[in-house]
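Inspection log for the structure reproduced underneath, given as structure tokens.
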Amino acid sequence: DVQLQASGGGLVRPGGSLRLSCAASGFTWDDYGIGWFRQAPGKEPEGVSCISRSDATTYYAESVKGRFTISISGDSAKNTVYLQMNKLKPEDTALYFCAADFRCDPIIRGLDPLVGRGQGTQVTVSS
């Protein structure tokens, strides 16, 4: 089974930075999408970023482009996905989930990931 373990959330002031990590394991195939979506209280899930394992293509929501960077290390079976978040804004406050699917499109669209998702990690941006 695919397992995803997210960490790295916290409280930060506007303009600050955080780095989220997702430890992923259990993949038995090489081509998949892995990334992040978030959900704020009372709102629908919102795709944040995704990276394609096969060719390292990255995808970002318009709201985070230029501020967030996704990266991956490790092999296809076991790896760690990072989300470097800079210039954080109060509207970035949400529960962030690591997610995996057969491709990135569902993750970026905020749909329920088919392969799996980890537990959420809270990001709060406040002064």
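Cluster annotation: Leu95 and Leu18 are assigned to distinct hydrophobic clusters (Ile/Leu/Val/Met/Phe/Trp/Tyr, side-chain heavy-atom contacts under 4.5 Å, transitive). Hydrophobic clustering places Leu88 together with Leu20 (ILVMFWY residues linked when any side-chain heavy atoms are closer than 4.5 Å, directly or through intermediates). Side-chain heavy atoms closer than 4.5 Å link hydrophobic residues (I, L, V, M, F, W, Y) into clusters, and following such links, even through other members, never connects Val81 to Ile107. Grouping the Ile, Leu, Val, Met, Phe, Trp and Tyr side chains by contacts below 4.5 angstrom, directly or via other members, places Tyr32 with Leu114.
Residues Val115 and Phe102 form a side-chain contact, since some pair of their non-hydrogen atoms from C-beta on lies under 4.5 Å apart. At a threshold of 4.5 Å between non-hydrogen side-chain atoms, the residues Tyr96 and Met85 count as touching. Taking 4.5 Å as the limit, every side-chain heavy atom of Cys50 sits out of range of all side-chain heavy atoms of Asp105. Residues Cys22 and Trp36 form a side-chain contact, since some pair of their non-hydrogen atoms from C-beta on lies under 4.5 Å apart.
Of all non-hydrogen atoms in Ser52 and Cys104, the two that sit nearest each other are N-SG, 3.8 Å. Considering all non-hydrogen atoms of both residues, Leu4 and Gly116 come closest at CD1-O, 3.4 Å. The nearest pair of heavy atoms linking Gly47 to Phe37 is CA-CB, 3.9 Å. Nearest heavy-atom pair, Gly16 versus Val12, reported as atom, atom and distance to 0.1 Å: CA-CG2, 3.7 Å.
Within 6.0 Å of CD on Glu91 lie more than 12 heavy atoms contributed by other residues, nucleotides or ligands. At most 12 heavy atoms of other shown residues, nucleotides or ligands fall within 6.0 angstrom of atom CG in Asp1.
Other members of the cluster containing Tyr82 do not exist, because no ILVMFWY side chain is joined to it at under 4.5 Å. The hydrophobic cluster of Leu111 has no other members, since no ILVMFWY side-chain heavy atom comes under 4.5 Å of it.
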Residues 65-72, side-chain donor-acceptor partners within the protein, below 3.5 Å, at least two apart:
| unit_1 | atom_1 | unit_2 | atom_2 | d |
| --- | --- | --- | --- | --- |
| Lys65 | NZ | Glu62 | OE2 | 2.7 |
| Arg67 | NH1 | Lys87 | O | 3.0 |
| Arg67 | NH1 | Asp92 | OD2 | 2.7 |
| Arg67 | NH2 | Ser63 | O | 2.8 |
| Arg67 | NH2 | Asp92 | OD1 | 3.0 |
| Arg67 | NH2 | Asp92 | OD2 | 3.4 |

Please table the atom pairs, donor to acceptor, closer than 3.5 Å between any side-chain atom in residues 119-127 and protein atoms at least two apart or in another chain.
| unit_1 | atom_1 | unit_2 | atom_2 | d |
| --- | --- | --- | --- | --- |
| Gln119 | NE2 | Ala6 | O | 2.7 |
| Thr121 | OG1 | Gly9 | N | 3.0 |
| Gln122 | NE2 | Ala94 | O | 3.4 |
| Gln122 | NE2 | Thr124 | OG1 | 3.4 |

Exercise for the section: For the pair Ile34 and Asn79, evaluate side chain to side chain contact (heavy atoms under 4.5 Å, CB included) and give the outcome as yes or no after the intermediate values. Expected result: CA-CA 10 Å; Ile34 186 167; Asn79 52 70; 4.0 Å; yes

Practice task
In sequence, state the C-alpha distance, the side-chain angles, and the governing distance for Leu83 and Ser49, and then conclude on side chain to side chain contact (heavy atoms under 4.5 Å, CB included).
Solution key: CA-CA 8 Å; Leu83 186 68; Ser49 182; 4.0 Å; yes

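Rounding to the nearest 0.5 Å places CZ of Phe97 at 6.0 Å from CD of Gln39. Taking CD of Glu46 as the start and CZ of Arg109 as the end, the distance is 14.5 Å to the nearest 0.5 Å. Taken to the nearest 0.5 Å, the OG atom of Ser54 stands 13.0 Å off from the CH2 atom of Trp29. Atoms CD1 and CZ, from Ile51 and Arg53 in turn, are 8.0 Å apart once rounded to the nearest 0.5 Å.
The side chain to side chain donor-acceptor pair (under 3.5 Å) contacts involving residues 3-28 comprise Ser17-Asn86, where partners must be two or more places apart or lie in separate chains.
For Asp30, the side chain to side chain contact (heavy atoms under 4.5 Å, CB included) partners at least two apart in sequence or on another chain are Ser76.
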